Asker: 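My questions all concern the structure below.
This is a predicted model, so every value here is computed, not measured. Note: hydrogens, waters and symmetry copies are ignored here, and every other heavy atom, side chains too, is used.
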Amino acid sequence: MAFFKRKVQFNDDLGFGSAPVLKNQRVLNTDGTPNIERTGLPWFKFDDTYTRLVTMSWPRFFFVILIVYLIVNTLFAVAYNVVGIENLDGAKGVTLRDQFFDAFFFSAQTISTVGYGHISPQGFVTSILAAFESMLGLLAFALATGLLYGRFSRPTSKVSFSKKMVIAPYQNQTGLMCRLVNLRRNSLIDIEVQMFMTFNETIDGKLKRSFYPLELERSKISILSLNWTLVHPITEDSPMFEKTLDELKVAEVEIFVILKAFDDTFAQTIHTRTSYQDEDIEENAKFKIMHYHNEEGKTVLDYSLLDKTETMID
């Protein structure tokens, strides 16, 4: 038996399949990433290196750069010692440890083309090795610069969604609402939002995951200057009509919000998304107003009120 009205089912599954969700697991995480654990992939794929370096976190990126830098200089330091530390004019190390660090720091100067002049290569083989390292350094730093540019220039979104959804009175009925705001000081234009509901239901004796679009009171705006409250009117055509939070919990409901906008600062299209479960929905509540006028009559937007709600008084 189905829990919800099956008025207009979405023809696609949004790429998540039709398998039912178990133990109230999210299909989509709140940060917009699919809640999927991937196995069977190789630990390292050379053709995927650029993507991983551009998309990984900043601390991990700098850690990888540091490790590669240390490994390369260590290998060249070993090579200089194998060729002969006596071929590094100015190296004063006596023990193997000191000789290694003399070669290591000479390698660090060579690969960065700094060349303090304290140590210099002598002999044909050592000079060839230093020249090769210098060329490798130029290529490596050009590659690192490209990676930094790729990370900075990648289109990203700073649109923040409220942590909760509310069910509040709306035009002589009720509406399901969430709201969003742009955390950057730039402008987003041509903003378009879609909202979908997914839940488990029994169809032909089988438990499946179904996807339904939730029609919004307004799905497009020209420019996002303040906050925007998304409203899905809960009419007789809504799959949420006359459903309680307990019924939402039984069906393991999840609601997706998908946003697309044009960032006029970077002249790029950005995308972001989030999801809500039944535990994220508050009944008989409304969002507190985020903006007001100051003494000079200027509009003030208070970002700290994004998640603030208040209970409706009957």
Asker: Quick check on the hydrophobic clustering: are Val181 and Met177 connected, directly or via other members, by side-chain heavy-atom contacts under 4.5 Å?
Answerer: no
Asker: Check which hydrophobic residues are tied to Tyr292 through side-chain heavy-atom contacts below 4.5 Å, counting indirect links as well, and list them.
Answerer: Val300
Asker: Members other than Ile289 in its cluster, when Ile, Leu, Val, Met, Phe, Trp, Tyr link by side-chain heavy atoms under 4.5 Å?
Answerer: none
Asker: Would you mind listing every ring pair (Phe, Tyr, Trp, His ring centres under 6.0 Å) that reaches into residues 146-179, with sequence neighbours excluded?
Answerer: Trp58-Phe152
Asker: Which ILVMFWY residues can you reach from Ile189 by hopping between side chains whose heavy atoms are under 4.5 Å apart?
Answerer: Ile223, Phe262
Asker: Could you see if Phe61 belongs to whatever hydrophobic cluster contains Val68? Use Ile, Leu, Val, Met, Phe, Trp, Tyr and a side-chain cutoff under 4.5 Å.
Answerer: yes
Asker: Please name the pair of heavy atoms, one in Gln122 and one in Ser120, separated by the smallest distance, quoted to 0.1 Å.
Answerer: NE2-OG, 3.5 Å
Asker: Hey, quick one: are Phe63 and Leu53 part of the same hydrophobic cluster, counting side-chain heavy atoms closer than 4.5 Å, chains of contacts allowed?
Answerer: no
Asker: Can you tell me if Ser107 and Glu133 form a side-chain donor-acceptor pair at under 3.5 Å?
Answerer: yes
Asker: According to salt bridge (Lys or Arg N to Asp or Glu O under 4.0 Å), who are the partners of Glu310, at least two apart in sequence or on a separate chain?
Answerer: Lys286
Asker: Report yes if some heavy atom in the side chain of Ile234 is under 4.5 Å from a heavy atom in the side chain of Gln173; otherwise report no.
Answerer: no
Asker: Can you tell if the side chain of Arg179 reaches within under 4.5 Å of the side chain of Leu306, non-hydrogen atoms only?
Answerer: yes
Asker: Would you say that Phe141 contacts Thr113 through its side chain, given a criterion of any heavy-atom pair below 4.5 Å between the two side chains?
Answerer: no
Asker: On a heavy-atom basis, which atom in Thr110 and which in Ala130 lie closest, and how many Å separate them?
Answerer: CG2-O, 3.4 Å
Asker: So Val125 and Asn87, do their side chains get closer than 4.5 Å, heavy atoms only?
Answerer: no
Asker: Inspect the surroundings of CZ in Arg60 and state if more than 12 heavy atoms from other residues, nucleotides or ligands are less than 6.0 Å away.
Answerer: no
Asker: Minimum heavy-atom separation for His293 to Gly297, with atom names?
Answerer: ND1-O, 3.4 Å
Asker: In the single-linkage hydrophobic clustering (I, L, V, M, F, W, Y; side-chain heavy atoms under 4.5 Å), do Val231 and Phe241 co-cluster?
Answerer: no
Asker: Taking all non-hydrogen atoms of both residues, which atom of Val159 and which atom of Ser157 are closest, and how far apart?
Answerer: N-OG, 3.1 Å
Asker: Please identify each residue that fulfils salt bridge (Lys or Arg N to Asp or Glu O under 4.0 Å) with Asp280, with sequence neighbours left out.
Answerer: Arg26
Asker: Is any side-chain heavy atom of Met56 closer than 4.5 Å to a side-chain heavy atom of Arg151?
Answerer: yes
Asker: State, to 0.1 Å, how close Gly150 and Tyr50 come at their nearest heavy-atom pair, and which atoms those are.
Answerer: CA-OH, 4.1 Å
Asker: In the structure I gave you, are the side-chain heavy atoms of Met165 and His232 within less than 4.5 Å of one another anywhere?
Answerer: no
Asker: How long is the straight-line distance from CZ of Phe62 back to CG of Leu66, given to the nearest 0.5 Å?
Answerer: 11.0 Å
Asker: Can you tell me if Leu96 has over 12 outside heavy atoms packed within less than 6.0 Å of its CG?
Answerer: no
Asker: Could you check whether any side-chain heavy atom of Leu248 comes within less than 4.5 Å of a side-chain heavy atom of Met240, counting everything from C-beta outward?
Answerer: yes
Asker: Walk me through it: do Phe104 and Leu70 pass the test side-chain contact (heavy atoms from CB on, under 4.5 Å)?
Answerer: CA-CA 9 Å; Phe104 180 88; Leu70 293 176; 4.0 Å; yes
Asker: Rounded to the nearest 0.5 Å, what separates atom NZ in Lys164 from atom OH in Tyr276?
Answerer: 10.5 Å
Asker: Count the heavy atoms belonging to other residues, nucleotides or ligands that lie under 6.0 Å from CD of Glu215, then report whether that count exceeds 12.
Answerer: no
Asker: Report yes if the side chains of Leu259 and Leu180 come closer than 4.5 Å at any heavy-atom pair, otherwise no.
Answerer: yes
Asker: Considering all heavy atoms of both residues, which atom of Ser238 and which atom of Pro233 are nearest to each other, and what is their separation?
Answerer: CB-O, 3.9 Å
Asker: Determine, using the 4.5 Å side-chain heavy-atom cutoff (strictly less than), whether Phe76 and Ile85 are members of one ILVMFWY cluster.
Answerer: yes
Asker: Nearest 0.5 Å, what's the CD1-OG1 distance between Ile255 and Thr274?
Answerer: 11.0 Å
